[in-house]
Structures are given as C-alpha cells and as structure tokens.
Amino acid sequence: MPRGLPRSAGALFVTALALTGLAVFFGDGSAYAPLVWIGGAATCAAGAALALGLFGRLPLPRLDGWGWAFVALLVAFVAWNGVSIVWSVQPDRSWEYFNRGLVYLAFVALGLVVGAVVPRAPRAVALGLLAVFGAALVWALAGKVIPNLYPDGERIARLRAPLEYWNALALLAAMTMLLALWAAIRREHSRALRVGSVVLVFVAAVALLLTYSRGGVVVALLAVAVFLLSSRERVDAIAALFVSVPPAVALGAWAFTQPGIVENGEPYDGRLADGLQLGVGLLLAGGLVAALAYLGLKHEERWRPRTITAVSGRRLAAFSAVALLVGVLAVSRGNPVGWVRDGFREFTNPTSQAGAGPERLADFNSNSRWTWWEEAWELFRDNAVAGTGAGTFSVARRPIRHNTTVATEPHNLALQFLSETGLVGFLLVAGAGTAATVGLVRAVRRLDEGDAAAASALGVVALAYLAHALIDYDWDFIGVTAPLFLVLGVLLATGRPVVAGRREPFFAAGMALLSVAAVASLAAPWLAGREVAEAYAAIERREPSEAVDHGRRARSLNPLAVEPFFAEAAGEEARGNRGRALDLYIEAVELQPRNPRTWFELGRFELELGDRDAAIRDLSKSRELDRYGPAVPYLQALGA
C-alpha cells in the first residue's frame with residue numbers, strides 16, 4: 001500500500017489491486033466459472049464503493065464530458081450485448097457475454113473511485129500492476145523450471161500459465177515490459193526499485209519468447225517504440241533495454257534448443273533436467289542484468305550527460321526507420337516487394353499452419369485467422385445492423401465455414417464486434433474507445449510531470465492491448481482485460497475534482513440493488529451448469545428421477561441454454577419416458593433453431609426411436625447449419 005494513504009483510500013486501492021491479481025492468476029483463460037466469483041467480488045466491491053460515495057462516505061470523481069461519454073457508451077455497449085439475446089443464434093452465450101461486460105464495468109467503476117481518492121493514483125496503480133504482472137511472469141517461468149508446478153506442462157510446451165493461453169501471456173509480458181521500463185527510468189524511484197525493474201524487463205522478454213507468440217513480439221516491439229518516442233527519458237530506457245534484452249534473447253535462443261523446454265509431450269525427467277538448467281540460466285543472466293543495471297545507475301551522472309543529446313525523438317525515429325529498412329532488405333535478400341507478396345500469400349493461405357515450436361516465430365502463416373476474418377466479415381454483411389448476437393461467432397460461422405478448425409471468436413476484436421453486435425455495437429464500443437483515448441490525453445496534460453509519466457506509460461499499456469486485440473480475442477480473458485479497464489477508470493478520474501459529502505441515500509440503495517442483481521445474473525448460468533453436471537452424474541448412478549429434477553432446476557436457472565433440456569431429456573429417457581424426452585429435444589430446437597447441435601440431438605434421438613424419415617429430415621437440417629458437424633457421418637450411414 002502506498003505510504004500516506006487515508007485508511008479508506010488504502011483499503012480501496014488494495015481491494016482493486018487484489019481483485020486484479022485474482023483475475024490474472026485465477027482467471028483460468030476464457031472460462032466462465034472464475035468470472036462468477038472474481039467478477040462477483042469485483043461487482044460487490046465496486047457497488048460498495050459507489051454506494052458509499054453516494055452516501056457521502058467516499059469522494060466520487062467529477063468526470064469531464066469525455067469521461068462521461070466513455071462511461072455512457074461502454075454501459076450502452078454492454079446493455080446492447082444483453083439486448084442481443086433477443087435475436088441471438090445462441091442466447092445463453094450472449095447472456096454470458098453480457099455478464100462479462102458487467103464485470104468489466106465493475107473494474108471501470110473501481111478504477112474511477114481509485115483515481116478519485118488515491119493520491120498520485122497513476123503512479124500507485126502502475127507500480128501495483130507491475131508487481132502483479134511481474135509475479136505472474138515469474139510464476140510462469142517457475143513452471144518451466146519445476147515442471148510439476150504446472151502438471152499439464154508436458155502436453156503443450158508453450159508458456160501459458162497462469163493465463164492458460166500463450167498469446168494472452170505474451171500480451172501480459174509486453175505490458176510488463178512497458179511498466180518495468182517506466183519504473184526503471186524514473187529518477188524519483190529508489191535505486192533498488194530501478195534495478196529490480198530492469199531485471200523485470202529481462203524476465204518479461206524471456207517469458208515473451210517462450211510463448212512463441214509472433215503477435216506478442218510484434219506488439220511488444222511496437223509498444224516499446226511508442227514508449228521510447230513519447231518518453232523524455234528515452235536514453236535511460238534504451239540503456240535499460242540494452243542491458244536486459246540481449247541476455248534474454250541469448251537465453252531464449254539456448255532454450256529453443258532444449259527439447260524438455262520447447263517440445264510437446266516430453267517425459268517428466270527430460271523436462272525437469274532442461275528446466276533446472278533454464279533456472280540456472282535465469283539466475284545467472286538475471287544476476288548479470290542486475291549487476292550491470294546497478295553499475296549503470298551508480299555511475300549515471302557520469303555517462304548520462306554524454307549521451308542525452310544524441311538521442312532525440314527525431315533521431316530515434318529516423319534510426320528506427322533505417323534499421324527497419326535494413327532488416328527488411330536483409331531478410332528479403334534485396335527483394336522486399338517479392339518478400340512482402342510471398343508473406344501475404346502465406347498469411348492468407350487457409351491450408352497452411354504454423355508449427356507448434358519456436359520455429360513459428362519466423363512463420364508468416366496466420367493460423368486460419370484470415371479465414372476467420374473473412375467469415376466474420378461475411379456474417380457482418382448478412383447481419384449488418386444488429387449482428388448475430390454477442391459471443392456467438394463459434395455457432396454463427398458454422399453454416400459458412402470451409403474447414404474443421406475450431407474458433408471461439410475471429411481473433412480480431414473489431415471484426416468480432418461487427419459480426420456479433422452489428423454496426424450498432426461496433427459504433428458504441430468504438431465511441432467508448434475514442435472517448436477514453438481523448439480522456440487519457442487530457443489526463444496526461446493536467447497531471448504534474450511525475451504522474452503524467454506514469455499515466456503515459458499506462459496509456460501505452462492500453463495501446464498494447466488495443467494492438468493485440470486486432471489479432472486475438474482478448475475480450476474473453478479477464479486476466480488481461482480487467483487490468484485494462486481498471487487503468488482506464490483511474491486515468492479518467494485522476495487529477496479531476498471530486499464530489500464529497502453529498503448524501504444520496506436513494507441512489508446509494510439503488511446501486512446496492514444493482515450490484516446484487518449483477519451478481520445474480522453472473523451466478524445463474526454457472527449454477528445451471530452445475531445442475532446439468534449433477535443430472536448426468538445421477539444418470540450414471542442410475543437415479544433417473546433425480547437427474548430429471550436437476551435438469552428442471554437447470555432450466556429454471558438458465559432458460560436460454562439447451563444443455564439443461566438435453567440433461568433432462570436424458571433423465572426422462574433413462575426412466576423410460578421417451579415421449580417427454582422427445583418433447584424436450586423439440587423444445588431445445590425451438591429455443592435455438594440456428595444451432596446445428598439442437599437439430600443433431602433431435603435427429604439422433606429420433607433415429608433411436610426408429611423414426612428414420614424424421615431423423616433424416618432433422619439431421620439434414622443440422623448438416624445444412626454445419627457441413628462438417630457430427631450429423632454428416634450419421635447421414636452417410638443412412639445413405640442420405
């Protein structure tokens with residue numbers, strides 16, 4: 001907790017940071033279950049903070065027009081996600097996406113109050129996030145050194161813990177690099193903090209390489225370049241990079257040659273032996289980085305004046321452009337036009353896939369992204385105004401997909417929102433992003449130099465998220481999206497006047513009720529899923545009546561999902577009530593008529609009943625909605 005904070009402000013800061021840490025460490029990738037308890041806690045904390053503010057116990061921010069525009073447009077976008085349930089091809093998924101948006105609104109609210117009540121909030125939040133992100137990356141690397149810290153590590157070697165997705169971890173590493181660079185170059189920080197921050201740049205670079213994430217590397221390079229161009233202490237930042245990145249690259253290059261570190265499916269003994277060597281390398285290289293950083297900072301007054309005039313923003317930009325040109329010429333062997341043309345062909349090739357190991361870092365293939373982007377654009381053209389429903393790309397694409405690749409989202413946030421929420425949703429979220437950008441710029445201008453530097457670094461963190469969101473589906477990962485919205489809330493409120501002492505008990509009670517409703521909305525789909533699991537467990541125990549009861553409770557908790565219908569139907573079938581089971585399968589089709597699975601389950605059951613004609617009819621409908629779905633082999637066996 002930063003020194004000198006009032007007790008209430010300190011408690012709020014610690015709560016917001018703890019919730020962000022829970023999102024990073026226990027968000028479990030894009031899974032819904034952790035969203036319930038992490039998001040529920042965040043919603044309660046945000047509701048309590050706003051209610052206390054409305055009751056006159058905490059100061060609340062007095063936002064400017066841009067800040068209010070961001071909040072209003074984001075709320076409208078989340079509400080539009082909820083409204084899309086009405087026409088969604090998968091309404092239960094749209095409900096879950098609406099709930100995800102509620103959680104992000106809670107983190108925005110926490111950020112707004114933190115920005116209003118915590119002195120020097122940008123600096124406090126930047127240091128807090130650096131500690132959380134750094135701990136996550138250290139834990140990720142520890143799982144490589146000691147393999148049983150991450151039991152599933154032998155299946156896929158790419159570094160992904162604790163976010164459970166390598167590309168999301170690569171984005172976190174890029175964010176950590178930026179915050180560590182900021183902490184390393186600020187002269188008001190202690191020497192120990194600056195040295196430790198340089199070491200964190202090294203740690204982040206190693207972790208980034210071990211994710212094998214091409215997009216993550218590109219985003220990190222872009223974000224660091226923007227940071228250098230926007231920072232007054234670019235000489236110090238370049239020195240920190242010069243000290244930390246080459247050892248990280250050298251260690252990463254060695255690690256790429258070790259099967260126990262980079263190969264999938266390696267036995268535990270090999271992973272442990274190579275992991276321990278990696279641990280030794282991390283300690284030795286990290287120690288070297290720390291020693292060089294310490295010496296550089298100890299003699300900073302001697303070397304800094306000699307170099308500060310040599311690295312202006314213009315010179316750095318010109319040098320970067322020349323270095324990029326030379327690099328392109330070298331890689332393309334003097335034929336950059338042909339190299340770019342061949343690279344684009346490889347990127348758009350739907351049949352080519354990048355490798356699973358470090359070699360993928362030099363591969364131009366998009367791993368089906370281009371195909372998914374085309375599918376998302378086609379869905380948008382067919383549903384331009386309202387989209388197919390929030391979070392529905394996986395089901396909506398099936399009638400038009402041309403291969404068997406599985407895609408939850410199109411791996412491009414702009415196309416995702418266009419295809420799923422239509423032009424209305426896209427304009428709402430784009431407007432919110434624009435308002436946040438203007439508000440961020442205004443925040444940097446109104447703050448003193450120290451806080452402005454921290455706010456600028458946090459702004460580049462937000463830019464890194466935005467750039468990465470053009471090649472991935474980061475919205476689904478609370479571990480990287482919750483910190484983003486906390487940051488945006490802090491920056492929009494920091495340095496602004498506050499509203500204090502005004503008592504609005506009616507609105508305070510309304511805020512508390514909204515929080516309770518949001519938690520209930522979050523919990524209902526999760527509770528329904530538990531009831532479905534209990535129903536199938538009861539069938540295995542040969543207790544069909546209990547299974548039917550669980551299925552009914554699941555339907556009452558989540559009337560938008562089809563899984564409760566299937567679970568209850570299985571229970572009815574187990575106790576011999578095939579007529580009721582058939583009715584339930586038909587109700588599932590009526591609930592989600594554009595979902596190929598509902599037609600498949602109905603056709604499959606009709607085939608078990610011996611109704612061949614009805615089965616062929618409904619399985620054919622499933623095949624029409626998904627030409628590569630499970631109905632195809634059934635129809636082939638039936639000669640249809």
Side-chain angles (χ1 to χ4, degrees), residues 1-2 4-6 8-20 42-43 45-75 78 103-129 179 431-462 465 481-502 504 507-508 511 515:
M1 184 188 306
L5 279 186
S8 59
L12 180 64
F13 175 78
V14 170
T15 299
L17 198 63
L19 288 168
T20 306
T43 300
L50 293 176
L52 288 172
L54 291 168
F55 206 70
R57 298 297 182 88
L58 269 181
L60 291 178
R62 190 189 300 274
L63 301 178
D64 61 10
W66 292 103
W68 280 118
F70 166 74
V71 173
L73 289 168
L74 186 61
V75 168
V78 173
V103 173
Y104 296 153
L105 285 176
F107 276 95
V108 169
L110 282 172
L112 289 172
V113 183
V114 167
V117 305
V118 175
R120 304 200 67 182
R123 181 175 181 270
V125 170
L127 288 174
L129 289 180
L179 294 177
T434 301
T437 301
V438 176
L440 189 153
V441 173
R442 290 166 67 90
V444 172
R445 290 177 178 174
R446 68 174 172 260
L447 297 172
D448 62 40
E449 196 272 336
D451 283 347
S456 180
L458 290 171
V460 182
V461 165
Y465 179 95
T481 305
L484 168 77
F485 282 112
L486 179 73
V487 163
L488 292 179
V490 167
L491 295 182
L492 290 173
T494 189
R496 294 282 308 163
V498 298
V499 180
R502 182 181 299 176
E504 301 284 356
F507 290 108
M511 185 56 63
S515 299

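- In terms of modelled atom types and a separation under 3.5 Å, the side chain of R62 and the main chain of P497 share no donor-acceptor contact.
- The minimum heavy-atom distance between A121 and V490, with the atom names listed, is CB-CG1, 4.0 Å.
- In this structure, the ring-ring contact (aromatic ring centres under 6.0 Å, His included) partners of Y104, at least two apart in sequence or on a different chain, are W475, F485.
- For the atom pair CG (L105) and CG (L74), the distance works out to 4.5 Å, reported to the nearest 0.5 Å.
- Remark: T15 engages L19, A45 in a side chain to side chain contact (heavy atoms under 4.5 Å, CB included) (not counting sequence neighbours).
- For the residue pair A9 and V117, the shortest heavy atom distance occurs at CB-O, 3.5 Å.
- The two residues M511 and L54 make their nearest non-hydrogen contact at CB-CD1, 4.2 Å.
- Every residue two or more places apart in sequence or in another chain was checked for a ring-ring contact (aromatic ring centres under 6.0 Å, His included) with Y465, and none qualifies.
- The distance from the CG atom of L17 to the CG atom of L486 is 8.0 Å, given to the nearest 0.5 Å.
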For residues 107-116, dump all side-chain donor-acceptor pairs below 3.5 Å to protein atoms at least two apart in sequence or in another chain.
none

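- In this structure, T20 contributes its side chain and A16 its backbone to a donor-acceptor pair below 3.5 Å.
- Atoms CG and CG, from L129 and L458 in turn, are 6.5 Å apart once rounded to the nearest 0.5 Å.
- Closest approach of L492 to A436, counting heavy atoms only: CD2-O, 4.4 Å.
- Residue pairs meeting the salt bridge (Lys or Arg N to Asp or Glu O under 4.0 Å) criterion with at least one partner in residues 65-75, sequence neighbours excluded, are absent.
- Summarising the geometry, atom CG belonging to L488 is positioned 5.0 Å from atom CZ belonging to F70; distances are rounded to the nearest 0.5 Å.
- The OG atom of S456 lies 10.5 Å from the CD atom of E449; values are rounded to the nearest 0.5 Å.
- Residues meeting the side chain to side chain contact (heavy atoms under 4.5 Å, CB included) test with R442, sequence neighbours left out: D64, W66, V438, R446.
- Scored by the side chain to side chain contact (heavy atoms under 4.5 Å, CB included) test, V461 finds M175, L178, L179 as partners (sequence neighbours excluded).
- In this structure, P122 and A455 approach most closely via the heavy-atom pair CB-N, 3.9 Å.
- The stretch residues 113-129 participates, sequence neighbours left out, in these side chain to side chain donor-acceptor pair (under 3.5 Å) pairs: R120-D451, R123-H189.
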Problem - Stepwise side chain to side chain contact (heavy atoms under 4.5 Å, CB included) check, V125 with F13 - result: CA-CA 8 Å; V125 170; F13 175 78; 4.1 Å; yes
